[in-house]
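All remarks here apply to the structure that follows.
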Protein chains: 2
Amino acid sequence: MADPMYRTIAQELQDEILSGTVQPGDQIPTELELRDKYSASRNTIRDAVKWLASRGLVETKPGQGTFVKQNVKPFLTLLSRDLESGLSGIEGQGWFQDVKERDRIPFATVPLVEVQAAPRHIAQRLRIPVGTQIIIRRQERHIDRTPFALQSTAYPMELHHMGATRLLVAEDVPEGTVTYLEERLGLREIGHRDRILVRAPREDEARFFKLPDDGRVSVVSVVRTGYRAGDNEPVPFRVTFTVFPADRNQFVINSGNVPNDLPEPAEG
Amino acid sequence: MADPMYRTIAQELQDEILSGTVQPGDQIPTELELRDKYSASRNTIRDAVKWLASRGLVETKPGQGTFVKQNVKPFLTLLSRDLESGLSGIEGQGWFQDVKERDRIPFATVPLVEVQAAPRHIAQRLRIPVGTQIIIRRQERHIDRTPFALQSTAYPMELHHMGATRLLVAEDVPEGTVTYLEERLGLREIGHRDRILVRAPREDEARFFKLPDDGRVSVVSVVRTGYRAGDNEPVPFRVTFTVFPADRNQFVINSGNVPNDLPEPAEG
DNA sequence: GCAAATTTGTTCGTATGTATT
DNA sequence: CAATACATACGAACAAATTTG
């Protein structure tokens, strides 16, 4: 009994959830009922429920109650380049198609296009001076009517001058912008590098993903820098920021020779 | 001012931290001082501080105070296979050396070796029946005296019967077990697949990483399945679970042709 | 459409426990 | 041992969201 009371209560509720005594979607007793059941104060009950919410086990809805979270089947995103396994990448190209092939419903907003002066963190990645004009294309993506990812890609304005005019049109590029740039300008992406980091959602992200605004659920941020061939070494020409809520996404990376089945979400 | 008071206070404190008015490592005012400053109750102050802690901006230490978190320079782990960039992988081989090359101090415990009956989630990945005997090797890793990762790898006991006896010795395999298995048994890993997922830490993990035990900081779980050549398609022969605290780790994946500089931690 | 009832969210005040200096 | 600071717990009140009558 070294544990604080709220942890003991949370543990007991967790056991009921994991053992299946209460099913996903079910409402658990209200705070007042739990207060009576455990002879604790309402605040202590709330601490216990908060602890469960931070593990993603329950969801509280003002005016309604607290519910056991549906096990949203996580969506698997393939980050490595070989696309033989039938998994989608994060790029526009086949994303729509790939999601449908996995019997889930994709939806993407019309891109929001803006022109900006490059801030430091983007300038650095594109190896251009801070303040250089860049094109930003933003898109919201949904799967099964659930907000799934926020993506924005930065291109140097130079590409537009070179003839890639569709970059500045607020319209989807069905074949994917990477393919478009190759066909239009002969600009081939010879490789890309992803950086993955996990952080608390920003306020706008929390709103879009309908995450609790207290940072209980993190987001996974994937920063992908795309490279074209250069004189000595590869030269960056685009950087894509994709933000995924951590509670409904998993990622897969293949290296070398692996089976080409469609892997199931992991547990570990 | 539609925001609740604790959010307003948190925002104000956040601005002071981000603007550099208070430096990393500095102690912020105590809860009682903040209570007076903002004419709020101590509970409200605590809600605000909790909000900051969930974003990793501050750290509370009982008996001492609340401190602005040092920006622990995140450690970058390379998940893709090509190792030209000088980044370490997650495997034992060059990990020690690689960390040192980046002027940071590695430390790993002597492996803890146990024999188990394979639980479902491991059996599934190794494609063996549940209950098959497996060898588990566990190791704790530190960087700069900070707990950095928990790793455990499962091998079918069969490998031991085939002659890989060092798998059952509680001693480091300096060249890495993957290399050892290749040299000892001619068992070559032709590829591997990683699954990445983010979740709240388990209790033992929170203890080891010194994370707040209320799930504010997530862990990144990387499940790596290693494959050897098979008759038709690759066959799994080991599965490695590595758990990283999300607040001090980032990951890099290279695909195709990319520069071989050592990338800096990202922000996005 | 509105009012009442229900349920979670926020805030207060207070007391006691536990870790650190 | 004492002082300090965060952690846990209680009780109470009102606000905001939602459902129900």
Side-chain angles (χ1 to χ4, degrees), chain A residues 1-13 22 25-69 203 206-207 210-217, chain B residues 1-13 22 25-69 203 206-207 210-217:
Chain A
M1 265 311 196
D3 271 6
M5 192 191 302
Y6 80 94
R7 294 277 280 98
T8 311
I9 295 172
Q11 187 61 53
E12 210 161 306
L13 291 170
V22 283
D26 281 1
Q27 179 171 12
I28 69 172
T30 67
E31 293 173 351
L32 295 185
E33 286 166 348
L34 289 172
R35 164 172 62 84
D36 295 340
K37 175 171 176 186
Y38 290 104
S39 314
S41 78
R42 190 180 150 221
N43 281 328
T44 301
I45 296 297
R46 279 178 62 75
D47 282 345
V49 172
K50 257 183 223 163
W51 191 89
L52 293 171
S54 76
R55 315 273 123 146
L57 286 166
V58 300
E59 188 179 8
T60 60
K61 299 184 184 177
Q64 299 182 58
T66 302
F67 302 83
V68 179
K69 257 207 173 171
E203 206 177 328
R207 215 175 18 249
K210 296 185 180 61
L211 300 177
D213 67 348
D214 58 358
R216 294 191 293 234
V217 179
Chain B
M1 249 350 166
D3 272 6
M5 192 189 304
Y6 79 94
R7 292 278 281 98
T8 310
I9 296 173
Q11 187 61 51
E12 210 161 306
L13 291 170
V22 283
D26 282 1
Q27 180 172 10
I28 69 172
T30 67
E31 292 173 351
L32 295 185
E33 287 166 347
L34 289 172
R35 163 171 62 86
D36 295 341
K37 174 171 178 187
Y38 290 102
S39 314
S41 79
R42 194 180 148 225
N43 280 330
T44 301
I45 295 298
R46 279 179 62 74
D47 282 345
V49 172
K50 255 183 226 166
W51 191 88
L52 292 171
S54 75
R55 266 115 285 208
L57 286 166
V58 300
E59 189 178 8
T60 60
K61 298 183 184 177
Q64 298 182 57
T66 302
F67 302 84
V68 179
K69 259 207 174 173
E203 206 176 331
R207 216 176 16 250
K210 296 186 181 58
L211 299 176
D213 66 348
D214 59 358
R216 293 190 293 233
V217 179

Test side chain to side chain contact (heavy atoms under 4.5 Å, CB included) applied to B/Leu57 and B/Lys69, step by step: CA-CA 6 Å; B/Leu57 286 166; B/Lys69 259 207 174 173; over 6 Å; no
Measure the distance from [atom1] on [X] to [atom2] on [N] and round it to the nearest whole Å.
| X | N | atom1 | atom2 | value |
| --- | --- | --- | --- | --- |
| B/Asp47 | C/dC12 | CG | C1' | 12 Å |
| B/Ile45 | C/dT11 | CD1 | C1' | 11 Å |
| B/Phe67 | D/dA5 | CZ | C1' | 9 Å |
| A/Leu32 | D/dA13 | CG | C1' | 13 Å |
| B/Ile28 | D/dA5 | CD1 | C1' | 12 Å |
| B/Lys210 | C/dT20 | NZ | P | 12 Å |
| A/Arg46 | C/dT11 | CZ | C1' | 11 Å |
| B/Asp3 | D/dA15 | CG | C1' | 15 Å |

Closest listed nucleotide, where the reference is the side chain of [X] and the choices are [options]:
| X | options | result |
| --- | --- | --- |
| A/Tyr6 | C/dT11, D/dT8, D/dC6 | D/dT8 |
| A/Ser41 | D/dA9, D/dT8, C/dG9 | D/dA9 |
| A/Thr30 | D/dC6, C/dG9, C/dT7 | C/dT7 |
| B/Asn43 | C/dT11, C/dT21, D/dA9 | D/dA9 |
| A/Gln64 | D/dA7, D/dT19, D/dG11 | D/dT19 |
| B/Ala40 | D/dC10, C/dC12, D/dC6 | C/dC12 |

Nearest-nucleotide 5' precedence on DNA chain C, B/Pro62 against A/Glu31: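 The residue mapped nearer the 5' terminus is A/Glu31.
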Please check: side-chain N/O of B/Thr8 versus main-chain N/O of B/Pro4, any donor-acceptor pairing under 3.5 Å?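 Yes, because the side chain of B/Thr8 sits within donor-acceptor range (under 3.5 Å) of the backbone of B/Pro4.
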Does the A/Gln27 side chain pair with the main chain of A/Gln64, one donor and one acceptor, at a distance under 3.5 Å?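 Pair found, side chain donor or acceptor close to backbone of A/Gln64.
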Got a donor-acceptor pair under 3.5 Å from the side chain of A/Arg7 to the base of D/dA7?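 Per atom types, no contact qualifies.
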No-H, no-angle donor-acceptor pair, A/Arg42 side chain to C/dG9 base, under 3.5 Å: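 Yes, the side chain and the base share a sub-3.5 Å donor-acceptor pair.
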Heavy-atom distance under 4.5 Å between the side chains of B/Leu34 and B/Ile9, does that happen here?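 With C-beta onward as the side chain, the pair stays apart.
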So does B/Thr60 get a side-chain nitrogen or oxygen closer than 4.0 Å to the phosphate oxygens (OP1/OP2) of D/dA5?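 No, no such contact exists.
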Does a nitrogen or oxygen in the side chain of A/Thr44 sit under 4.0 Å from OP1 or OP2 of D/dC10?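 So the side-chain polar atoms of A/Thr44 do come within 4.0 Å of the phosphate oxygens OP1 or OP2 of D/dC10, strictly under.
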Taking atom OG1 of A/Thr66 and atom CD of A/Glu59, what is their separation to the nearest 0.5 Å?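 One finds 9.5 Å between OG1 of A/Thr66 and CD of A/Glu59.
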